[in-house]
Each structure stands twice: as structure tokens, then as C-alpha cells.
Amino acid sequence: MKMEEARRRDIYFSFFMFTADLRPNDAGYTQVLVRHLKALTEIGYTGFDVHIAPGPAHVGHHTEVESYISLKRAFDQAGFRDVKFTTNVGTTRTFDPTSPYEEQRKQALSYLKSRVDITSVLGGENTIMSGPFLYPYGIFPLTDDGEGIWSDALQDWMKPRYAAAASIFRELAQYSTEKSVKLAIEPVKNWETPGPTMVSEALDFLESADIAVCGVTIDTAQVVMESQGPAIFKKNVARAIQQSRLNYVHISAPDRGAVRDSWIPWEIMLDEIEPVYSGPYLVEVFNAIPPFESSMRMTRRRFWRPGEDAPEAGVDSAYEVARAALETLEEKIASHGRRSHP
């Protein structure tokens, strides 16, 4: 497989390099986003993943959706009408589909439907809404004495939470199908959420809840850091493919930094994924910017963002990291092709 053939694979870039909030009502910031889109499409990325931040409490979901319609119009007018967008969405303490309270679950469903609407606005048909949108991100249960709940007790605590979310996700999956949006639950690390933290847990939830049209995201960083090992990884990929649930693949270094020369087990990952997965790959780099620098306890230096940060000697720019990641991924895909078809 030549490098030109590898480029036929859609490779997207995550805007977690730049921001966790697109600020759709800020016309000045929209121009900053446009400059980044221009630079990254020139590098060779064919699409982008953007985080949809929770809006202010006093702003209704309809108003939020309208703001993203305006943002997409600005992107189109800037020449990015044909660029593809996917979204990253998380649930919150307020919008919790696993809540034991029915009214709160209904609020969560309304919230998640609005995120499907925004995803559809930005990405059009057959786009993807991914992220930790099952159990609220960053929220851990406590006992009445304020102690953390862990291990077996935590697993037992999560069971009724998953069960409570089942009907919400069945309705959400039906709604997303009507909107031509693919859902992809992303398991994340155990210090980010109590669950799901593994691909197998997300698949278990979808199977037990009988949700046929919802899938999962496999993230290389999450798999390495919260892993049951290569044998289980192989089984999970096969299981997801058999059920048509492998909806997104994120390429991310275990330290969530630069992809080039990182501890990604390329051969193990691509040997299982590349032959069976035809969707886009997302290069995901978390930059040391708010809120990630504190929420993810980042100690490494920030990749400076052209047009936003002052250049710093000896520190790579966001664009340099993005270019190197794309070259690395294309090289690894091409290398896999040569090994598979010598």
C-alpha cells in the first residue's frame, strides 16, 4: 500500500488541541477556529472532532442548537462546507441518564437529543457523536460518610445506574437514527469516570439494554491505560464488528500528547482494526489548556497554538504536532498494508 492509498482513509483531528468550548456566539473566536481549520486542512486532515460544551443553565437547548446553526453557516462561508465534523459529548451531574430519578433522566434525554441535533447541524448525515455520554464524566459516588466507593462496591453501585439508563438510550438511539447520527459511547479511564471504563463494559451495557443502533468508540490511549490485555482487545474488536457497533476509532498517545514516537502498540491495534473498520480515524491530542491542564493533572508544557499563544523556543506548535501525527498514522496504515499484502 502506497502513502497515496493510505490517504484515502479519512483522518480527522480533534479540537481538544485548541479548546473544549467552540463558543458559538463569539464571532471573534469563530475566526480563530476558521484559521485553525484552514491550517489543518492544508496539512491534510479531512475532518474534525469538536467538543460540545454544556451551555449556561439559563439557556434552553433550542437556543443552543440555533447558535451552532450560525456557527456552521460561518464555517461554510469560510470555505469549509465540505469538511466533515464529528462531536465529542459528555453527560453531567445535572444531565444524568443513569439517575435514579425519572425527571432527571428525562432532562438528560432532552440534553442528549439536543447534542444529536448539534452533531447533525455540524456534521450532516452519517456523522458521529462520541464521548463519555453514558455515566456523567468526572462524577464519583460517595458514601453517606463522604468516603469514596470503589472496587466491588462500585461495580454493585453501577448496576442499577446502567439499568436506569437503558430506556433513555433506547429512545436516544432511535432519535439519532432518525437524524442520521451514529452514537459511539467512549469508555474512559478509571480516574475520569467510574464507568464504563472498558470497551467490554460499554458493549455489555448495549447488549443487556437491547440497544441495537448504538455503538462504541475504541481509543488507543484508553485501551492501553485501562486494558484487559491484547487477547481481550482482539475479542472486543471482533465482538463490536459482529454487532456493527464499532463506530469510531481514536488514535491517541497514552499521555494524551504527541502521537509521533508514543507508546501506541501500532501492530496490535491496526492488525485487528484496519481489516474490519472503514470509518474515520481521529487523531486526538489533549493540549495543556483549560480545563484539561487541571482536570487531567497535566505536567507537560503546552503546545503553542499559532494565533493564540506566543511561540516558545524548544516547544512544538500545535500544527507541528498535528502534521507529525498525520504523517505517523499514514505511515503506520501503509506499513500495515505492506505486511498484509506483501
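What's counted below: heavy atoms across the whole structure, side chains too, no hydrogens, waters or symmetry copies. Note that the numbering runs from 1 along the sequence shown for the chain.
In the displayed structure, Glu125 atom CD is contacted under 6.0 Å by at most 12 heavy atoms of other residues, nucleotides or ligands. Counting non-hydrogen atoms of other residues, nucleotides and ligands closer than 6.0 Å to CD of Gln242 gives a total of 12 or fewer. Few gaps surround NZ on Lys189; more than 12 heavy atoms of other groups in view lie less than 6.0 Å from it. Atom CD of Glu308 sits in a crowded spot, with more than 12 heavy atoms from other residues, nucleotides or ligands closer than 6.0 Å. Counting non-hydrogen atoms of other residues, nucleotides and ligands closer than 6.0 Å to CG of Asp261 gives a total of 12 or fewer.
Cluster note: Val315 groups with Trp304 through ILVMFWY side-chain heavy atoms spaced under 4.5 Å, whether in direct contact or through intervening members. Other members of the cluster containing Tyr137 are Val188, with ILVMFWY side chains joined at under 4.5 Å, either directly or via other members. With side-chain heavy atoms closer than 4.5 Å counting as contact, directly or through intermediates, the hydrophobic cluster containing Trp191 also holds Phe16, Phe286, Ile289, Phe292, Met296, Met298.
With sequence neighbours excluded, no residue forms a ring-ring contact (aromatic ring centres under 6.0 Å, His included) with His336. Partners of Ala78 under the side chain to side chain contact (heavy atoms under 4.5 Å, CB included) rule, at least two apart in sequence or in another chain, are Val34, Phe80. Applying the ring-ring contact (aromatic ring centres under 6.0 Å, His included) rule to Phe13 yields the partners Tyr45; only residues at least two apart in sequence or on another chain are considered.
If you check the side chains of Tyr111 and Asp96, you find no donor sitting under 3.5 Å from an acceptor. Side chains of Glu330 and Tyr281: a donor-acceptor N/O pair is absent below 3.5 angstrom, by distance only.
Expressed to the nearest 0.5 Å, how far CD1 of Ile264 lies from OG1 of Thr220 amounts to 4.0 Å. With rounding to the nearest 0.5 Å, the separation of OG in Ser14 from NE2 in His51 is 9.5 Å. Of the inter-residue distances, the one linking Glu192 atom CD with Met225 atom CE reads 7.0 Å to the nearest 0.5 angstrom. The structure places NZ of Lys332 at 9.0 Å from CG of Leu270, a figure rounded to the nearest 0.5 Å. Atom CG in Asp219 sits 5.0 Å away from atom CD in Glu186 (nearest 0.5 Å). How far CG of Asp316 is from CZ of Arg301: 12.0 Å, rounded to the nearest 0.5 Å.
Side-chain atoms of Thr63 do not come within 3.5 Å of backbone N or O of Val59 as any donor-acceptor pair. A donor-acceptor contact shorter than 3.5 Å links the side chain of Gln104 to the backbone of Thr94. Between the Thr328 side chain and the Ala324 main chain, a donor and an acceptor come within less than 3.5 Å of each other. Judged by distance alone, with hydrogens and angles left aside, the side-chain atoms of Thr30 form a donor-acceptor pair with the main-chain N or O of Asp26 at under 3.5 Å. When atom types are taken as modelled, the side chain of Ser252 and the backbone of Glu284 share a donor-acceptor pair closer than 3.5 angstrom. Side chain of Arg305 to backbone of Met17: no donor-acceptor contact under 3.5 angstrom is found. The backbone N or O of Leu183 sits less than 3.5 Å from a side-chain atom of Asn247, completing a donor-acceptor pair. Remark: side-chain polar atoms of Thr19 are paired, donor with acceptor, to backbone N or O of Asp21 under 3.5 angstrom. Remark: the backbone N or O of Tyr68 is not paired with any side-chain donor or acceptor of Arg73 at under 3.5 angstrom. Asp145 places no side-chain N or O within 3.5 Å of a backbone atom of Glu147 that could act as its donor or acceptor partner.
Side-chain contact between Met269 and Ile251 is absent, with no heavy atoms from C-beta onward closer than 4.5 Å. A heavy-atom distance below 4.5 Å is not found between the side chains of Asp49 and Phe15. The closest side-chain heavy-atom distance from Arg256 to Gln222 is below 4.5 Å. The side-chain heavy atoms of Asp255 and Ser262, taken from C-beta on, include no pair separated by under 4.5 Å. In this structure, Arg35 and Val32 have side chains that are in contact, with non-hydrogen atoms separated by less than 4.5 Å. Side chains of Tyr135 and Tyr162 form no contact here, defined as non-hydrogen atoms less than 4.5 Å apart. Between Glu327 and Arg260 the shortest side-chain heavy-atom distance falls below 4.5 Å. Counting only heavy atoms from C-beta outward, the side chains of Ile43 and Leu40 approach each other to under 4.5 Å.
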- Message: Show, in sequence, the C-alpha distance, side-chain angles and deciding distance for Leu22 and Leu33, and conclude whether the side-chain contact (heavy atoms from CB on, under 4.5 Å) test is met.
- Response: CA-CA 8 Å; Leu22 297 182; Leu33 299 176; 4.0 Å; yes

Discussion item. Side chain to side chain donor-acceptor pair (under 3.5 Å) for Tyr248 and Thr86? Distances and angles first, verdict last.
Written reply: CA-CA 10 Å; Tyr248 214 0; Thr86 59; 2.8 Å; yes

*Take Gln174 and Val213 through the test side-chain contact (heavy atoms from CB on, under 4.5 Å) and record every step on the way to the result.*
CA-CA 7 Å; Gln174 180 60 42; Val213 288; 5.6 Å; no

Does the side chain to side chain donor-acceptor pair (under 3.5 Å) test come out yes or no for Asn190 and Thr197, once each step is laid out?
CA-CA 6 Å; Asn190 61 1; Thr197 61; over 6 Å; no

Decide salt bridge (Lys or Arg N to Asp or Glu O under 4.0 Å) for Lys72 and Asp76; before the verdict, give the C-alpha distance in whole Å, the side-chain angles of both, and the deciding distance to 0.1 Å. CA-CA 6 Å; Lys72 182 58 166 65; Asp76 291 349; 2.6 Å; yes

What do the steps show when you test Asp210 against Arg170 for salt bridge (Lys or Arg N to Asp or Glu O under 4.0 Å), and what is the final call? CA-CA 8 Å; Asp210 192 25; Arg170 281 193 289 269; over 6 Å; no

For Glu102 and Lys106: C-alpha separation, side-chain torsions, deciding distance, then whether salt bridge (Lys or Arg N to Asp or Glu O under 4.0 Å) applies. CA-CA 6 Å; Glu102 183 180 6; Lys106 288 180 179 179; 3.6 Å; yes

Under the salt bridge (Lys or Arg N to Asp or Glu O under 4.0 Å) criterion, do Arg302 and Glu312 qualify, and how do the steps go? CA-CA 10 Å; Arg302 177 183 301 184; Glu312 187 168 348; over 6 Å; no

Applying side-chain contact (heavy atoms from CB on, under 4.5 Å) to Ser176 and Met129, what does each step give before you reach the verdict? CA-CA 9 Å; Ser176 68; Met129 185 177 101; over 6 Å; no

| said: Before you tell me yes or no, could you show the steps for His61 and Phe95 under side-chain contact (heavy atoms from CB on, under 4.5 Å), namely the whole-Å CA-CA distance, both residues' side-chain angles and the distance that decides it to 0.1 Å? | reply: CA-CA 12 Å; His61 296 322; Phe95 302 116; 3.9 Å; yes

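Using a cutoff of 4.0 Å between basic side-chain nitrogens and carboxylate oxygens, Glu64 and Arg115 are scored as salt-bridged.
The hydrophobic clustering, which links ILVMFWY residues whose side-chain heavy atoms are closer than 4.5 Å, places Val224 and Trp263 apart. Linking ILVMFWY residues whenever their side-chain heavy atoms come closer than 4.5 Å, directly or via other members, leaves Met198 and Leu134 in distinct clusters.
Of all non-hydrogen atoms in Leu206 and Gly215, the two that sit nearest each other are CD1-O, 3.8 Å. When all heavy atoms are compared, the tightest approach of Ala173 to Cys214 is CB-CB, 4.5 Å.
Under the 30°/60° scheme for interplanar angles, the aromatic rings of His36 and Phe18 are found to lie parallel.
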